[in-house]
2 protein chains.
Amino acid sequence: MSTPGRGLHGRVLDTLGPAITAGAYPAGSVLRTDELAQRFEVSRSVMREAVRVLESMHLVESRRRVGVTVLPECEWNVYDPQVIRWRLAGSERPRQLRSLTVLRSAVEPVAAGLAARLATSEQCAELTECALGMVANSSGHRLEEYLFHDVAFHRVILTASGNEMFARLGGVVAEVLAGRTHHDVMFEDPDPAAVTLHVQVAEAVRARDAERAERLTREITEGALQELDILAP
Amino acid sequence: MSTPGRGLHGRVLDTLGPAITAGAYPAGSVLRTDELAQRFEVSRSVMREAVRVLESMHLVESRRRVGVTVLPECEWNVYDPQVIRWRLAGSERPRQLRSLTVLRSAVEPVAAGLAARLATSEQCAELTECALGMVANSSGHRLEEYLFHDVAFHRVILTASGNEMFARLGGVVAEVLAGRTHHDVMFEDPDPAAVTLHVQVAEAVRARDAERAERLTREITEGALQELDILAP
DNA sequence: CGGAACAAAAAGTCAGACTTATATGTCACA
DNA sequence: TGTGACATATAAGTCTGACTTTTTGTTCCG
(Lines give C-alpha, C1' and ligand atoms only; values in the text may rest on other atoms or scores of the structure.)
Protein backbone atom coordinates (compact mmCIF):
# COMPACT_ATOMS: atom_id res chain seq x y z
CA MET A 1 0.00 0.00 0.00
CA SER A 2 1.19 3.55 -0.73
CA THR A 3 4.90 4.05 -1.49
CA PRO A 4 7.22 2.08 0.78
CA GLY A 5 10.67 3.15 -0.34
CA ARG A 6 10.57 6.72 -1.66
CA GLY A 7 14.01 7.61 -0.49
CA LEU A 8 16.01 7.28 2.69
CA HIS A 9 13.91 9.77 4.59
CA GLY A 10 10.87 7.66 3.81
CA ARG A 11 12.59 4.62 5.25
CA VAL A 12 13.25 6.55 8.43
CA LEU A 13 9.62 7.67 8.60
CA ASP A 14 8.41 4.10 8.21
CA THR A 15 10.07 3.35 11.55
CA LEU A 16 9.81 6.65 13.39
CA GLY A 17 6.22 7.45 12.42
CA PRO A 18 4.72 4.21 13.73
CA ALA A 19 6.88 4.46 16.85
CA ILE A 20 5.62 7.92 17.71
CA THR A 21 1.97 7.24 16.91
CA ALA A 22 2.20 4.05 18.95
CA GLY A 23 3.22 6.14 21.92
CA ALA A 24 6.78 4.84 22.18
CA TYR A 25 7.83 8.40 23.02
CA PRO A 26 5.40 10.01 25.47
CA ALA A 27 4.25 13.54 24.75
CA GLY A 28 6.95 15.97 25.74
CA SER A 29 9.80 13.57 25.02
CA VAL A 30 12.74 15.31 23.42
CA LEU A 31 14.73 13.77 20.58
CA ARG A 32 17.85 15.18 19.01
CA THR A 33 18.27 15.29 15.26
CA ASP A 34 21.92 14.27 15.41
CA GLU A 35 21.25 11.33 17.67
CA LEU A 36 18.40 10.16 15.44
CA ALA A 37 20.61 10.51 12.38
CA GLN A 38 23.19 8.27 14.01
CA ARG A 39 20.61 5.77 15.16
CA PHE A 40 19.16 5.41 11.66
CA GLU A 41 22.57 5.65 10.03
CA VAL A 42 21.61 8.49 7.74
CA SER A 43 23.01 11.97 7.23
CA ARG A 44 21.63 14.92 9.14
CA SER A 45 20.07 16.35 5.98
CA VAL A 46 18.01 13.21 5.47
CA MET A 47 17.00 13.15 9.13
CA ARG A 48 16.04 16.81 8.97
CA GLU A 49 13.72 16.10 6.05
CA ALA A 50 12.08 13.31 8.02
CA VAL A 51 11.63 15.60 11.01
CA ARG A 52 10.09 18.25 8.77
CA VAL A 53 7.48 15.77 7.59
CA LEU A 54 6.68 14.69 11.13
CA GLU A 55 6.42 18.34 12.02
CA SER A 56 3.95 18.99 9.19
CA MET A 57 1.83 16.17 10.64
CA HIS A 58 2.01 17.90 14.02
CA LEU A 59 3.50 14.78 15.58
CA VAL A 60 6.57 16.70 16.72
CA GLU A 61 7.77 20.25 17.12
CA SER A 62 11.33 21.32 16.43
CA ARG A 63 12.75 24.17 18.46
CA ARG A 64 16.20 25.67 18.67
CA ARG A 65 18.36 24.81 21.60
CA VAL A 66 15.72 22.30 22.74
CA GLY A 67 15.40 19.57 20.16
CA VAL A 68 12.55 17.71 18.57
CA THR A 69 9.66 17.51 21.02
CA VAL A 70 6.93 14.90 20.66
CA LEU A 71 3.53 16.59 20.74
CA PRO A 72 0.49 15.32 22.65
CA GLU A 73 -1.95 13.15 20.74
CA CYS A 74 -4.59 15.90 20.61
CA GLU A 75 -2.29 17.90 18.33
CA TRP A 76 -1.77 15.20 15.74
CA ASN A 77 -3.19 15.54 12.23
CA VAL A 78 -5.38 12.48 12.66
CA TYR A 79 -6.87 12.94 9.20
CA ASP A 80 -3.52 12.48 7.50
CA PRO A 81 -3.80 9.17 5.63
CA GLN A 82 -0.25 8.33 6.62
CA VAL A 83 -0.97 8.91 10.29
CA ILE A 84 -4.15 6.84 9.98
CA ARG A 85 -2.20 3.96 8.47
CA TRP A 86 0.47 4.17 11.15
CA ARG A 87 -2.10 4.11 13.91
CA LEU A 88 -4.06 1.30 12.30
CA ALA A 89 -0.86 -0.72 12.22
CA GLY A 90 -0.17 -0.23 15.92
CA SER A 91 -1.66 -1.30 19.19
CA GLU A 92 -4.17 1.54 19.09
CA ARG A 93 -5.85 -0.11 16.15
CA PRO A 94 -9.17 -0.93 17.86
CA ARG A 95 -9.64 2.58 19.19
CA GLN A 96 -8.68 4.06 15.81
CA LEU A 97 -11.13 1.75 14.09
CA ARG A 98 -13.91 2.93 16.40
CA SER A 99 -13.14 6.59 15.78
CA LEU A 100 -13.20 6.08 12.05
CA THR A 101 -16.39 4.07 12.14
CA VAL A 102 -18.12 6.81 14.08
CA LEU A 103 -16.89 9.28 11.48
CA ARG A 104 -18.31 7.05 8.77
CA SER A 105 -21.65 6.94 10.55
CA ALA A 106 -21.80 10.71 10.38
CA VAL A 107 -20.53 11.26 6.87
CA GLU A 108 -21.80 8.42 4.71
CA PRO A 109 -25.55 8.95 5.18
CA VAL A 110 -25.23 12.62 4.24
CA ALA A 111 -23.00 11.69 1.32
CA ALA A 112 -25.59 9.19 0.11
CA GLY A 113 -28.28 11.84 0.28
CA LEU A 114 -26.19 14.17 -1.83
CA ALA A 115 -25.29 11.36 -4.21
CA ALA A 116 -28.98 10.69 -4.80
CA ARG A 117 -29.29 14.25 -6.05
CA LEU A 118 -26.00 14.66 -7.89
CA ALA A 119 -24.83 11.26 -9.13
CA THR A 120 -24.32 10.96 -12.87
CA SER A 121 -26.00 8.10 -14.66
CA GLU A 122 -22.59 6.45 -14.98
CA GLN A 123 -22.18 6.61 -11.22
CA CYS A 124 -25.65 5.16 -10.73
CA ALA A 125 -24.68 2.30 -13.00
CA GLU A 126 -21.43 1.75 -11.13
CA LEU A 127 -23.33 1.69 -7.89
CA THR A 128 -25.78 -0.98 -8.95
CA GLU A 129 -22.91 -2.93 -10.44
CA CYS A 130 -21.10 -2.84 -7.10
CA ALA A 131 -24.24 -3.84 -5.24
CA LEU A 132 -24.77 -6.76 -7.61
CA GLY A 133 -21.14 -7.77 -7.12
CA MET A 134 -21.74 -7.81 -3.39
CA VAL A 135 -24.81 -10.01 -3.83
CA ALA A 136 -22.95 -12.38 -6.10
CA ASN A 137 -20.15 -12.82 -3.55
CA SER A 138 -22.21 -12.72 -0.37
CA SER A 139 -22.05 -16.47 0.13
CA GLY A 140 -19.47 -19.21 -0.29
CA HIS A 141 -16.69 -17.50 1.66
CA ARG A 142 -15.77 -15.21 -1.18
CA LEU A 143 -14.72 -12.56 1.32
CA GLU A 144 -12.09 -10.88 -0.84
CA GLU A 145 -14.39 -10.45 -3.79
CA TYR A 146 -17.14 -9.19 -1.52
CA LEU A 147 -14.77 -6.69 0.11
CA PHE A 148 -13.66 -5.43 -3.29
CA HIS A 149 -17.20 -4.55 -4.30
CA ASP A 150 -18.08 -3.21 -0.87
CA VAL A 151 -15.14 -0.78 -0.96
CA ALA A 152 -15.99 0.27 -4.49
CA PHE A 153 -19.62 0.85 -3.50
CA HIS A 154 -18.76 3.23 -0.68
CA ARG A 155 -16.15 4.99 -2.78
CA VAL A 156 -18.73 5.71 -5.47
CA ILE A 157 -21.17 7.07 -2.89
CA LEU A 158 -18.55 9.37 -1.40
CA THR A 159 -17.34 10.55 -4.79
CA ALA A 160 -20.83 11.02 -6.21
CA SER A 161 -21.71 13.27 -3.29
CA GLY A 162 -19.83 15.98 -5.17
CA ASN A 163 -18.06 17.04 -1.97
CA GLU A 164 -14.28 16.81 -2.07
CA MET A 165 -14.06 16.40 1.71
CA PHE A 166 -16.32 13.38 1.53
CA ALA A 167 -14.57 11.98 -1.51
CA ARG A 168 -11.27 12.14 0.31
CA LEU A 169 -12.60 9.73 2.95
CA GLY A 170 -12.80 6.94 0.39
CA GLY A 171 -9.39 5.70 1.41
CA VAL A 172 -10.32 5.75 5.06
CA VAL A 173 -13.45 3.72 4.45
CA ALA A 174 -11.40 1.26 2.42
CA GLU A 175 -8.98 0.83 5.31
CA VAL A 176 -11.79 0.29 7.78
CA LEU A 177 -13.61 -2.25 5.62
CA ALA A 178 -10.39 -4.07 4.78
CA GLY A 179 -9.43 -4.11 8.44
CA ARG A 180 -12.75 -5.60 9.42
CA THR A 181 -12.44 -8.36 6.83
CA HIS A 182 -8.81 -9.20 7.40
CA HIS A 183 -7.94 -8.67 11.04
CA ASP A 184 -11.12 -8.66 13.01
CA VAL A 185 -14.13 -10.87 13.17
CA MET A 186 -16.03 -11.86 10.06
CA PHE A 187 -14.93 -15.36 9.25
CA GLU A 188 -18.41 -16.11 8.03
CA ASP A 189 -20.31 -14.73 5.09
CA PRO A 190 -21.50 -11.13 5.39
CA ASP A 191 -24.83 -10.30 6.95
CA PRO A 192 -27.55 -10.75 4.30
CA ALA A 193 -29.45 -7.79 5.72
CA ALA A 194 -26.45 -5.53 5.05
CA VAL A 195 -26.22 -6.79 1.48
CA THR A 196 -29.88 -6.04 0.91
CA LEU A 197 -29.42 -2.54 2.31
CA HIS A 198 -26.65 -1.83 -0.19
CA VAL A 199 -28.86 -2.92 -3.04
CA GLN A 200 -31.64 -0.70 -1.76
CA VAL A 201 -29.30 2.28 -1.44
CA ALA A 202 -28.28 1.83 -5.05
CA GLU A 203 -31.94 1.76 -6.01
CA ALA A 204 -32.72 4.86 -3.97
CA VAL A 205 -29.86 6.81 -5.55
CA ARG A 206 -30.96 5.77 -9.01
CA ALA A 207 -34.52 6.82 -8.11
CA ARG A 208 -33.16 10.19 -6.87
CA ASP A 209 -34.77 9.55 -3.50
CA ALA A 210 -32.31 11.43 -1.27
CA GLU A 211 -34.22 10.97 1.94
CA ARG A 212 -34.47 7.22 1.47
CA ALA A 213 -30.83 6.87 0.41
CA GLU A 214 -29.74 8.70 3.53
CA ARG A 215 -31.94 6.67 5.84
CA LEU A 216 -30.84 3.33 4.39
CA THR A 217 -27.18 4.31 4.54
CA ARG A 218 -27.67 5.29 8.15
CA GLU A 219 -28.90 1.77 8.76
CA ILE A 220 -25.74 0.38 7.18
CA THR A 221 -23.41 2.50 9.27
CA GLU A 222 -25.39 1.78 12.44
CA GLY A 223 -24.80 -1.88 11.71
CA ALA A 224 -21.08 -1.13 11.50
CA LEU A 225 -21.26 0.65 14.85
CA GLN A 226 -23.02 -2.29 16.44
CA GLU A 227 -20.34 -4.66 15.17
CA LEU A 228 -17.85 -2.68 17.21
CA ASP A 229 -20.18 -2.43 20.21
CA ILE A 230 -20.55 1.30 19.83
CA LEU A 231 -24.21 1.82 20.57
CA ALA A 232 -26.69 3.71 22.61
CA PRO A 233 -27.52 2.02 25.93
CA MET B 1 -2.67 32.48 13.43
CA SER B 2 -0.47 29.36 13.60
CA THR B 3 3.29 29.88 13.30
CA PRO B 4 4.32 32.33 10.59
CA GLY B 5 8.12 32.28 10.75
CA ARG B 6 9.35 28.85 11.82
CA GLY B 7 12.47 28.92 9.74
CA LEU B 8 13.36 29.66 6.17
CA HIS B 9 11.57 26.65 4.80
CA GLY B 10 8.41 27.90 6.44
CA ARG B 11 8.80 31.21 4.73
CA VAL B 12 9.08 29.43 1.40
CA LEU B 13 5.98 27.38 2.16
CA ASP B 14 4.00 30.50 2.99
CA THR B 15 4.46 31.54 -0.64
CA LEU B 16 4.61 28.23 -2.47
CA GLY B 17 1.76 26.52 -0.62
CA PRO B 18 -0.86 29.19 -1.35
CA ALA B 19 0.40 29.41 -4.93
CA ILE B 20 -0.06 25.70 -5.56
CA THR B 21 -3.42 25.41 -3.80
CA ALA B 22 -4.60 28.46 -5.71
CA GLY B 23 -3.87 26.61 -8.92
CA ALA B 24 -0.99 28.80 -10.07
CA TYR B 25 0.71 25.64 -11.30
CA PRO B 26 -1.75 23.34 -13.08
CA ALA B 27 -1.68 19.66 -12.21
CA GLY B 28 1.23 18.03 -14.00
CA SER B 29 3.40 21.12 -13.95
CA VAL B 30 7.01 20.29 -13.25
CA LEU B 31 9.20 22.41 -11.00
CA ARG B 32 12.88 21.93 -10.34
CA THR B 33 14.29 22.13 -6.85
CA ASP B 34 17.37 24.09 -7.91
CA GLU B 35 15.35 26.62 -9.81
CA LEU B 36 12.98 27.08 -6.88
CA ALA B 37 15.91 27.46 -4.51
CA GLN B 38 17.27 30.26 -6.70
CA ARG B 39 13.88 31.89 -7.03
CA PHE B 40 13.36 32.01 -3.27
CA GLU B 41 17.02 32.77 -2.60
CA VAL B 42 17.52 29.86 -0.24
CA SER B 43 19.88 26.93 -0.26
CA ARG B 44 18.94 23.63 -1.82
CA SER B 45 18.68 21.96 1.59
CA VAL B 46 16.06 24.44 2.72
CA MET B 47 14.14 24.06 -0.50
CA ARG B 48 14.30 20.30 -0.23
CA GLU B 49 12.71 20.46 3.21
CA ALA B 50 9.92 22.64 1.86
CA VAL B 51 9.33 20.19 -0.99
CA ARG B 52 9.23 17.31 1.49
CA VAL B 53 6.45 19.05 3.40
CA LEU B 54 4.48 19.74 0.23
CA GLU B 55 4.99 16.10 -0.68
CA SER B 56 3.63 14.93 2.67
CA MET B 57 0.53 17.01 1.93
CA HIS B 58 0.28 15.28 -1.43
CA LEU B 59 0.40 18.61 -3.21
CA VAL B 60 3.45 17.56 -5.21
CA GLU B 61 5.41 14.44 -6.03
CA SER B 62 9.16 14.40 -6.38
CA ARG B 63 10.73 11.97 -8.83
CA ARG B 64 14.29 11.45 -9.97
CA ARG B 65 15.26 12.77 -13.33
CA VAL B 66 11.82 14.38 -13.62
CA GLY B 67 11.48 17.02 -10.96
CA VAL B 68 8.75 18.12 -8.59
CA THR B 69 5.38 17.44 -10.19
CA VAL B 70 2.24 19.23 -9.04
CA LEU B 71 -0.46 16.68 -8.27
CA PRO B 72 -4.13 17.02 -9.26
CA GLU B 73 -6.47 18.51 -6.70
CA CYS B 74 -8.11 15.16 -5.97
CA GLU B 75 -4.85 13.94 -4.45
CA TRP B 76 -4.41 16.77 -1.99
CA ASN B 77 -4.72 16.20 1.73
CA VAL B 78 -7.66 18.53 2.01
CA TYR B 79 -8.04 17.81 5.72
CA ASP B 80 -4.61 19.23 6.50
CA PRO B 81 -5.29 22.41 8.51
CA GLN B 82 -2.49 24.14 6.67
CA VAL B 83 -3.95 23.25 3.29
CA ILE B 84 -7.37 24.38 4.49
CA ARG B 85 -5.96 27.75 5.54
CA TRP B 86 -4.12 28.18 2.25
CA ARG B 87 -7.24 27.43 0.27
CA LEU B 88 -9.41 29.65 2.43
CA ALA B 89 -6.97 32.48 1.75
CA GLY B 90 -7.17 32.05 -2.01
CA SER B 91 -9.68 32.55 -4.74
CA GLU B 92 -11.20 29.13 -4.11
CA ARG B 93 -12.43 30.38 -0.78
CA PRO B 94 -16.18 30.20 -1.55
CA ARG B 95 -16.00 26.63 -2.81
CA GLN B 96 -13.85 25.61 0.14
CA LEU B 97 -16.32 27.20 2.52
CA ARG B 98 -19.14 25.24 0.95
CA SER B 99 -17.27 21.95 1.21
CA LEU B 100 -16.50 22.56 4.86
CA THR B 101 -20.06 23.61 5.65
CA VAL B 102 -21.41 20.42 4.12
CA LEU B 103 -18.91 18.48 6.22
CA ARG B 104 -20.12 20.34 9.30
CA SER B 105 -23.71 19.47 8.43
CA ALA B 106 -22.78 15.80 8.50
CA VAL B 107 -20.56 15.75 11.54
CA GLU B 108 -21.95 18.21 14.05
CA PRO B 109 -25.41 16.65 14.54
CA VAL B 110 -23.88 13.24 15.24
CA ALA B 111 -21.31 14.87 17.52
CA ALA B 112 -24.10 16.61 19.43
CA GLY B 113 -25.91 13.33 19.86
CA LEU B 114 -22.79 11.73 21.29
CA ALA B 115 -22.11 14.77 23.46
CA ALA B 116 -25.57 14.41 24.98
CA ARG B 117 -24.56 10.96 26.17
CA LEU B 118 -20.93 11.55 27.07
CA ALA B 119 -20.46 15.18 28.09
CA THR B 120 -19.12 15.75 31.58
CA SER B 121 -21.02 18.10 33.86
CA GLU B 122 -18.22 20.64 33.34
CA GLN B 123 -18.75 20.44 29.59
CA CYS B 124 -22.50 20.85 30.06
CA ALA B 125 -21.81 23.96 32.11
CA GLU B 126 -19.42 25.32 29.50
CA LEU B 127 -22.03 24.71 26.85
CA THR B 128 -24.78 26.66 28.61
CA GLU B 129 -22.26 29.37 29.38
CA CYS B 130 -21.42 29.67 25.68
CA ALA B 131 -25.09 29.68 24.72
CA LEU B 132 -25.78 32.44 27.25
CA GLY B 133 -22.82 34.38 25.90
CA MET B 134 -24.35 34.12 22.43
CA VAL B 135 -27.68 35.39 23.70
CA ALA B 136 -26.03 38.27 25.53
CA ASN B 137 -24.21 39.37 22.36
CA SER B 138 -26.91 38.60 19.81
CA SER B 139 -27.93 42.22 19.41
CA GLY B 140 -26.19 45.56 19.23
CA HIS B 141 -23.64 44.62 16.60
CA ARG B 142 -21.43 42.78 19.05
CA LEU B 143 -20.37 40.44 16.27
CA GLU B 144 -16.90 39.64 17.60
CA GLU B 145 -18.16 38.70 21.04
CA TYR B 146 -20.93 36.64 19.49
CA LEU B 147 -18.45 34.83 17.24
CA PHE B 148 -16.23 34.05 20.20
CA HIS B 149 -19.00 32.27 22.05
CA ASP B 150 -20.31 30.61 18.90
CA VAL B 151 -16.92 29.08 18.15
CA ALA B 152 -16.50 27.99 21.75
CA PHE B 153 -19.94 26.38 21.69
CA HIS B 154 -19.21 24.23 18.67
CA ARG B 155 -15.77 23.35 19.97
CA VAL B 156 -17.27 22.04 23.19
CA ILE B 157 -19.81 19.97 21.29
CA LEU B 158 -17.14 18.42 19.10
CA THR B 159 -14.83 17.74 22.02
CA ALA B 160 -17.56 16.39 24.27
CA SER B 161 -18.48 13.87 21.59
CA GLY B 162 -15.52 11.86 22.82
CA ASN B 163 -14.40 11.20 19.24
CA GLU B 164 -10.94 12.47 18.37
CA MET B 165 -11.81 12.80 14.69
CA PHE B 166 -14.71 15.08 15.54
CA ALA B 167 -12.68 17.01 18.09
CA ARG B 168 -10.05 17.71 15.46
CA LEU B 169 -12.62 19.56 13.35
CA GLY B 170 -12.92 22.27 15.97
CA GLY B 171 -10.35 24.36 14.18
CA VAL B 172 -12.14 23.92 10.87
CA VAL B 173 -15.45 25.05 12.33
CA ALA B 174 -13.71 28.04 13.86
CA GLU B 175 -12.33 29.01 10.46
CA VAL B 176 -15.73 28.66 8.81
CA LEU B 177 -17.56 30.68 11.45
CA ALA B 178 -14.85 33.35 11.51
CA GLY B 179 -14.90 33.51 7.73
CA ARG B 180 -18.64 33.98 7.67
CA THR B 181 -18.47 36.82 10.18
CA HIS B 182 -15.48 38.62 8.74
CA HIS B 183 -15.47 38.23 4.99
CA ASP B 184 -18.91 37.24 3.90
CA VAL B 185 -22.37 38.49 4.60
CA MET B 186 -23.62 39.06 8.13
CA PHE B 187 -23.36 42.76 8.73
CA GLU B 188 -26.48 42.57 10.84
CA ASP B 189 -27.10 40.84 14.11
CA PRO B 190 -27.29 37.04 14.01
CA ASP B 191 -30.54 35.25 13.32
CA PRO B 192 -32.51 35.05 16.59
CA ALA B 193 -33.80 31.62 15.61
CA ALA B 194 -30.24 30.31 15.41
CA VAL B 195 -29.45 31.72 18.84
CA THR B 196 -32.48 30.01 20.30
CA LEU B 197 -31.45 26.72 18.72
CA HIS B 198 -28.05 26.91 20.38
CA VAL B 199 -29.68 27.44 23.76
CA GLN B 200 -31.97 24.50 23.14
CA VAL B 201 -29.07 22.26 22.13
CA ALA B 202 -27.32 23.11 25.37
CA GLU B 203 -30.49 22.21 27.23
CA ALA B 204 -30.88 18.94 25.36
CA VAL B 205 -27.27 17.94 26.08
CA ARG B 206 -27.68 18.76 29.75
CA ALA B 207 -30.93 16.73 29.74
CA ARG B 208 -29.06 13.81 28.09
CA ASP B 209 -31.57 13.86 25.23
CA ALA B 210 -29.34 12.66 22.40
CA GLU B 211 -32.05 12.44 19.79
CA ARG B 212 -33.21 15.99 20.45
CA ALA B 213 -29.66 17.38 20.56
CA GLU B 214 -28.94 15.80 17.21
CA ARG B 215 -32.15 17.06 15.62
CA LEU B 216 -31.67 20.61 16.86
CA THR B 217 -28.05 20.69 15.74
CA ARG B 218 -29.15 19.48 12.34
CA GLU B 219 -31.44 22.50 12.19
CA ILE B 220 -28.48 24.76 12.97
CA THR B 221 -26.26 23.28 10.27
CA GLU B 222 -29.10 23.32 7.76
CA GLY B 223 -29.38 27.02 8.43
CA ALA B 224 -25.67 27.34 7.65
CA LEU B 225 -26.19 25.44 4.40
CA GLN B 226 -29.04 27.72 3.41
CA GLU B 227 -26.91 30.79 4.04
CA LEU B 228 -24.57 29.51 1.34
CA ASP B 229 -27.40 28.49 -0.96
CA ILE B 230 -26.63 24.83 -0.66
CA LEU B 231 -30.03 23.26 -0.51
CA ALA B 232 -32.37 20.76 -2.01
CA PRO B 233 -34.39 22.18 -4.89
C1' DC C 1 11.87 -2.11 -36.69
C1' DG C 2 13.44 -3.42 -32.11
C1' DG C 3 16.42 -3.80 -28.47
C1' DA C 4 20.72 -2.72 -26.10
C1' DA C 5 24.06 0.51 -24.85
C1' DC C 6 24.92 5.16 -23.67
C1' DA C 7 24.57 9.91 -22.12
C1' DA C 8 22.37 13.56 -19.76
C1' DA C 9 19.50 15.41 -16.23
C1' DA C 10 17.59 15.94 -11.92
C1' DA C 11 16.82 14.30 -7.44
C1' DG C 12 19.12 12.09 -3.64
C1' DT C 13 22.87 11.68 -0.31
C1' DC C 14 26.67 13.03 2.44
C1' DA C 15 30.17 15.67 5.14
C1' DG C 16 31.80 19.70 7.18
C1' DA C 17 31.86 24.38 8.43
C1' DC C 18 29.46 28.06 9.98
C1' DT C 19 25.32 30.93 12.03
C1' DT C 20 21.65 31.84 15.17
C1' DA C 21 18.47 31.53 18.67
C1' DT C 22 17.67 30.41 23.34
C1' DA C 23 17.53 27.88 27.75
C1' DT C 24 20.11 28.01 31.63
C1' DG C 25 23.49 29.02 34.82
C1' DT C 26 26.37 32.78 37.01
C1' DC C 27 27.31 36.71 39.35
C1' DA C 28 26.88 41.29 40.91
C1' DC C 29 23.93 44.26 43.13
C1' DA C 30 19.97 45.64 45.78
C1' DT D 1 17.67 36.32 49.91
C1' DG D 2 15.86 37.67 45.68
C1' DT D 3 16.37 39.76 41.11
C1' DG D 4 18.11 41.37 37.01
C1' DA D 5 21.72 41.57 33.51
C1' DC D 6 25.02 39.00 31.26
C1' DA D 7 27.75 35.09 29.62
C1' DT D 8 27.90 30.47 27.83
C1' DA D 9 26.80 26.19 26.05
C1' DT D 10 23.79 23.72 23.10
C1' DA D 11 21.12 22.06 19.43
C1' DA D 12 18.74 23.48 15.48
C1' DG D 13 19.26 26.07 11.27
C1' DT D 14 21.76 27.24 7.04
C1' DC D 15 24.95 26.96 3.24
C1' DT D 16 28.13 24.88 0.01
C1' DG D 17 30.24 21.65 -2.88
C1' DA D 18 31.18 17.14 -4.24
C1' DC D 19 29.48 12.80 -5.25
C1' DT D 20 25.82 8.94 -6.24
C1' DT D 21 21.74 6.98 -8.18
C1' DT D 22 17.88 6.54 -10.85
C1' DT D 23 15.37 7.40 -14.82
C1' DT D 24 14.49 9.01 -19.33
C1' DG D 25 15.39 9.67 -23.97
C1' DT D 26 18.48 9.00 -27.72
C1' DT D 27 21.42 6.71 -30.63
C1' DC D 28 23.41 3.01 -32.78
C1' DC D 29 23.65 -1.54 -34.37
C1' DG D 30 21.68 -6.04 -35.40
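Here is the naming used below: chain letters follow the sequence lines, and residue numbers restart at 1 for every chain. Heavy atoms only: backbone and side chains are in, while hydrogens, waters and symmetry mates are out.
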> Would you tabulate the side-chain donor-acceptor contacts of residues 22-36 of chain A under 3.5 Å, counting partners in other chains and residues two or more places apart, or write 'none'?
{"unit_1": "A/Tyr25", "atom_1": "OH", "unit_2": "A/Arg39", "atom_2": "NH1", "d": "3.3"}
{"unit_1": "A/Tyr25", "atom_1": "OH", "unit_2": "A/Arg39", "atom_2": "NH2", "d": "3.4"}
{"unit_1": "A/Ser29", "atom_1": "OG", "unit_2": "A/Pro26", "atom_2": "O", "d": "2.5"}

> Give every residue pair that meets the ring pair (Phe, Tyr, Trp, His ring centres under 6.0 Å) criterion with at least one member in residues 26-77 of chain B, sequence neighbours excluded.
none

> Sequence neighbours left out, what passes side chain to side chain donor-acceptor pair (under 3.5 Å) with B/Glu92? Give chain and number order.
B/Arg95

> What pairs with B/Tyr79 under ring pair (Phe, Tyr, Trp, His ring centres under 6.0 Å), at least two apart in sequence or on another chain?
A/Tyr79

> Compare every heavy atom of A/Val42 with every heavy atom of A/Leu8, then report the nearest pair and how far apart it is.
CD1-CG1, 4.0 Å

> Which letter, B, S or -, goes with each nucleotide of nucleotides 9-19 of chain D from 5' to 3', with contact meaning a protein heavy atom under 4.0 Å?
BBSSBBBBBB-

> Output all residues satisfying side-chain contact (heavy atoms from CB on, under 4.5 Å) with A/Arg142, sequence neighbours left out; order by chain, then residue number.
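With sequence neighbours excluded, A/Arg142 shows a side-chain contact (heavy atoms from CB on, under 4.5 Å) to A/Asn137, A/Glu145, given in chain and number order.
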
> Tell me every residue that passes side chain to side chain donor-acceptor pair (under 3.5 Å) with A/Glu144, counting only those two or more places apart in sequence or in another chain.
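In terms of side chain to side chain donor-acceptor pair (under 3.5 Å), with neighbours along the sequence ignored, A/Glu144 is linked to A/His182.
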
> Which residue pairs pass the salt bridge (Lys or Arg N to Asp or Glu O under 4.0 Å) test with at least one member in residues 99-108 of chain B, sequence neighbours excluded?
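Found B/Arg104-B/Glu108.
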
> Which residues pass the side chain to side chain donor-acceptor pair (under 3.5 Å) test with A/Asp150, sequence neighbours left out?
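A/Asp150 satisfies side chain to side chain donor-acceptor pair (under 3.5 Å) with A/His154, A/His198 once adjacent residues are dropped.
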
> When the C1' atoms of the five terminal pairs at each end define the local axes, what inter-axis angle does the helix from C/dC1-D/dG30 to C/dA30-D/dT1 show, to 10 degrees?
20°

> What is the first contacted nucleotide of DNA chain C and what is the last, in 5' to 3' order, if contact means an atom lying under 4.0 angstrom from a heavy atom of chain A?
C/dT13 to C/dA23

> According to side chain to side chain donor-acceptor pair (under 3.5 Å), who are the partners of B/Ser43, at least two apart in sequence or on a separate chain?
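In terms of side chain to side chain donor-acceptor pair (under 3.5 Å), with neighbours along the sequence ignored, B/Ser43 is linked to B/Ser45.
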
